[in-house]
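Keep in mind the model is a prediction, meaning the values are calculated, not measured.
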Amino acid sequence: MTFEETSLNDNILDALYDMRFDKCTPIQEKCIPEILRGSDVLGIAQTGTGKTAAYLLPILSMLDDGTFPPDAVNCLVMSPTRELAQQIDQAFQGFSYYLNDISSVAVYGGNDGGRYDQELRGLRMGANLVIATPGRLISHINMGNADLSRVAFFILDEADRMLDMGFYDDIMLIASHLPKQRQTMMFSATMPEKIEQLAKSLLHNPVSVKISPSRPAEKIRQQACFCTEEEKLKVVEQLFHDNQLKRVIIFSSSKMKTKQISRALIDRKINCGEMHSDLDQSTRNEMMYRFKSGQIDVLVATDIIARGIDIDDIQVVINFDVPRDAEDYVHRIGRTARADRDGQALTLVAPADRQYFKRIEHFIGRRIERTGDNTTVDNEAGQERDTRYTKPRRNDRHHRRQPHPTTTDRKTDRQKKSRHSP
């Protein structure tokens, strides 16, 4: 389905046209009509499938129709992390380019006084869309800064991660300040029992949309390198010595390891940055901007960016440590092979990691290709492996933006395209 075939209004369609968005993803195709009809929605889909646009586009279209009070918080979006809150706000800026008098404010912790004042102004003036982390929003509620009595849309994004982070009570407290008559949407990459319980508490007769949850994209080439814990850093250094790797994320299980890996790569003159919770918010923002803009080739990070971060051109993901939760593995490697690109994921497996690695293979339903100099035979399968690391395949298909049409041409071009569509 194309966006032209939905009931989104012309201002939204014009913004999508300028952004070169034509076809809906599966989650968007199924959710947009239901949200426009006023249904509560429970959406289950892995990261990188377009969940943010699946709820933002129909909500912005309805807000632009002028049937909601302009001086009130009409829509509340909950996010588990600052980074995801910022990304949702950035998506809003693009989708709302042609909308009149629709405003947003992102509310999250770890800010300076100037940022707090901006949040306060947005909440008190009634920003139409509020994107917030639970703890920060509760602080504003307790101080009387947030009037949520006229919220018409309530969205929980990455709901499973919010529950993993212990936000269940906070979510229920926030929900108690909302009108009972509202439209509620929950989006999650997984469907554990806690999500089902939360959905029963918050959603009314929801439409359930499930899109291939918890499986890596087919375009990701998955590999595992078997080595000792002490050899992991040498393996990573050798990879960069032997291959001209660009656009790489290295995931580590701890802040200490993240710093060690980053320092080792910088010593090798590799253009590298690090991302973890010890950095203040302004430094994290600057680091993410530099990585997204290509000023940094390699980002070493904890799971702080494993979900909800939209960067289309990541070529390689390296798991320095095997994640203990198999679903975290899916989220990590889901940073690559986005927007129809190919990608490669390499996981370093020490002896202590093997039981968790086997759980991952069982969870994704396939055997991951082995490589490594120290273990030439798979203990489980008894098969010899190629010990050479395969150089990541480069993607030669680059998205090239064409000159933007004039304002008067946009709708005509869209209508011509629609008439000639098969």
Main-chain N/O of G135 paired to S139 side chain as donor or acceptor, under 3.5 Å = yes
Can you measure from CD (Q238) to CG (D242) and round to the nearest 0.5 angstrom?
-> 4.0 Å
For E193, does the CD atom have more than 12 heavy-atom neighbours from other residues, nucleotides or ligands under 6.0 Å away?
-> no
Answer yes if the side chains of Y55 and Q28 hold a donor-acceptor pair under 3.5 Å, and no otherwise.
-> no
Are E274 and K257 close enough for a salt bridge, meaning some N to O gap below 4.0 Å?
-> no
Would you please say whether a donor-acceptor pair under 3.5 Å links the side chains of Y98 and D10?
-> no
Using the side chain to side chain contact (heavy atoms under 4.5 Å, CB included) rule, take L265 and I250 through it: C-alpha gap first, then chi angles, then the decisive distance, then the call.
-> CA-CA 11 Å; L265 296 180; I250 302 176; 3.8 Å; yes
When rounded to the nearest 0.5 angstrom, what is the spacing between CD1 in I155 and CD1 in I88?
-> 9.0 Å
Between Q344 and Q315, is a side-chain hydrogen bond (donor to acceptor under 3.5 Å, both in side chains) present by the stated rule, with each step listed?
-> CA-CA 6 Å; Q344 186 160 343; Q315 296 177 346; over 6 Å; no
With a 4.5 Å limit on heavy-atom distance, are the side chains of S253 and T302 in contact?
-> no
Measure up the F357 and F226 rings against each other and bin them: parallel (under 30°), tilted (30 to 60°), perpendicular (over 60°).
-> perpendicular
Nearest heavy-atom contact between T25 and G50 is OG1-CA, 4.3 Å
Closest heavy-atom pair, R247 versus I296, reported as atoms and distance to 0.1 Å, is NH1-O, 3.2 Å
Looking only at atom types and distance, does a side-chain atom of S39 sit under 3.5 Å from a main-chain N or O of I35, one as donor and one as acceptor?
-> no
NZ/NE/NH1/NH2 to OD/OE distance under 4.0 Å, R284 and E83 | yes
Pair M288-M275, side chain to side chain contact (heavy atoms under 4.5 Å, CB included): steps then yes or no = CA-CA 8 Å; M288 186 57 65; M275 178 72 77; 3.6 Å; yes
Would you please test I44 and V209 for side chain to side chain contact (heavy atoms under 4.5 Å, CB included) and show each step?
-> CA-CA 6 Å; I44 308 296; V209 177; over 6 Å; no
Determine whether the aromatic ring centres of Y97 and F92 lie less than 6.0 Å apart.
-> no
Of all the heavy-atom pairs spanning S262 and C272, show the shortest one and how long it is.
-> OG-SG, 3.8 Å
Are the side chains of L203 and L42 in touch, meaning some heavy atoms are under 4.5 Å apart?
-> yes
Heavy-atom donor-acceptor pair, N271 side chain to Q295 backbone, under 3.5 Å = yes
Does the D280 side chain pair with the main chain of T283, one donor and one acceptor, at a distance under 3.5 Å?
-> yes
Does a side-chain heavy-atom distance below 4.5 Å link L16 with D22?
-> no
Taking atom types as modelled, is there a side-chain donor on D64 or S61 under 3.5 Å from an acceptor on the other?
-> no
For the side chain of N243 and the backbone of L245, is there at least one donor-acceptor N/O pair under 3.5 Å apart?
-> no
E29 with K23: basic N within carboxylate O range, under 4.0 Å | no
Heavy-atom closest pair (P216 atom, I333 atom, distance to 0.1 Å) is CB-CD1, 3.6 Å
Short N-O contact, D278 and K259, less than 4.0 angstrom = yes
So do I314 and V248 actually touch side chain to side chain, heavy atoms under 4.5 Å?
-> no
What's the spacing between I305 CD1 and M287 CE if we round to 0.5 Å?
-> 11.0 Å
So, the side chain of D40 versus the backbone of T184: is there a donor-acceptor pair under 3.5 Å, distance only?
-> yes
Closest contact, heavy atoms only, L156 versus F154 = CD2-CZ, 3.7 Å
Over 12 non-hydrogen atoms of neighbours within 6.0 angstrom of CE in M125 = no
State the CG-CG distance between N145 and L120, to the nearest 0.5 angstrom.
-> 4.5 Å
Is V300 close to H276 at the side-chain level, that is, under 4.5 Å between some pair of heavy atoms?
-> no
Can you name the nearest heavy-atom pair linking A91 to T52, along with the distance?
-> CB-CG2, 4.2 Å
Checking side-chain hydrogen bond (donor to acceptor under 3.5 Å, both in side chains) for the pair Q222/Y329: CA distance, chi angles, key distance, verdict?
-> CA-CA 11 Å; Q222 301 175 59; Y329 172 82; 2.6 Å; yes
Aromatic F167 / basic R161 pairing, under 6.0 angstrom, 45° off normal = no
Considering only NZ, NE, NH1 and NH2 on the basic side and carboxylate oxygens on the acidic side, decide whether D313 and K292 come within less than 4.0 Å.
-> no
Between D303 and R332, is there a salt bridge with N-O shorter than 4.0 Å?
-> yes
Give a yes/no verdict on a cation-pi contact between R324 and Y356, requiring under 6.0 Å between NZ or CZ and the six-membered ring centre and an angle within 45° of the axis.
-> yes
So do F240 and R268 actually touch side chain to side chain, heavy atoms under 4.5 Å?
-> no
Donor-acceptor pair, E34 side chain versus C31 backbone, under 3.5 Å?
-> no
Taking atom CG of N128 and atom CG of D101, what is their separation to the nearest 0.5 Å?
-> 8.5 Å
Centroid-to-centroid, F251 to H331, below 6.0 Å?
-> no
Please check if atom CD in E218 has more than 12 non-hydrogen atoms from other residues, nucleotides or ligands closer than 6.0 Å.
-> no
Sub-4.5 Å side-chain heavy-atom contact between V317 and L346 | no
Apply ring pair (Phe, Tyr, Trp, His ring centres under 6.0 Å) to F3 and F21, showing your working.
-> CA-CA 8 Å; F3 288 110; F21 292 155; 7.1 Å; no
4.5 Å side-chain heavy-atom contact, M186 and I195 | yes
Please walk me through it: do I360 and V322 pass side chain to side chain contact (heavy atoms under 4.5 Å, CB included)?
-> CA-CA 9 Å; I360 290 171; V322 177; 3.7 Å; yes
Taking E119 for the side chain and Y108 for the main chain, is one N or O donor matched with an acceptor at less than 3.5 Å?
-> yes
Donor-acceptor contact below 3.5 Å, side chain S104 vs main chain D89 = no
What is the distance from atom CD1 of I102 to atom CG of N74, rounded to the nearest 0.5 Å?
-> 7.0 Å
Hey, is K232 close enough to D321 for a salt bridge, meaning N to O under 4.0 Å?
-> yes
Between D353 (side chain) and A350 (backbone), is there a donor-acceptor pair under 3.5 Å?
-> yes
With E158, the side-chain contact (heavy atoms from CB on, under 4.5 Å) member among L163, L84, T81, D164 | L84
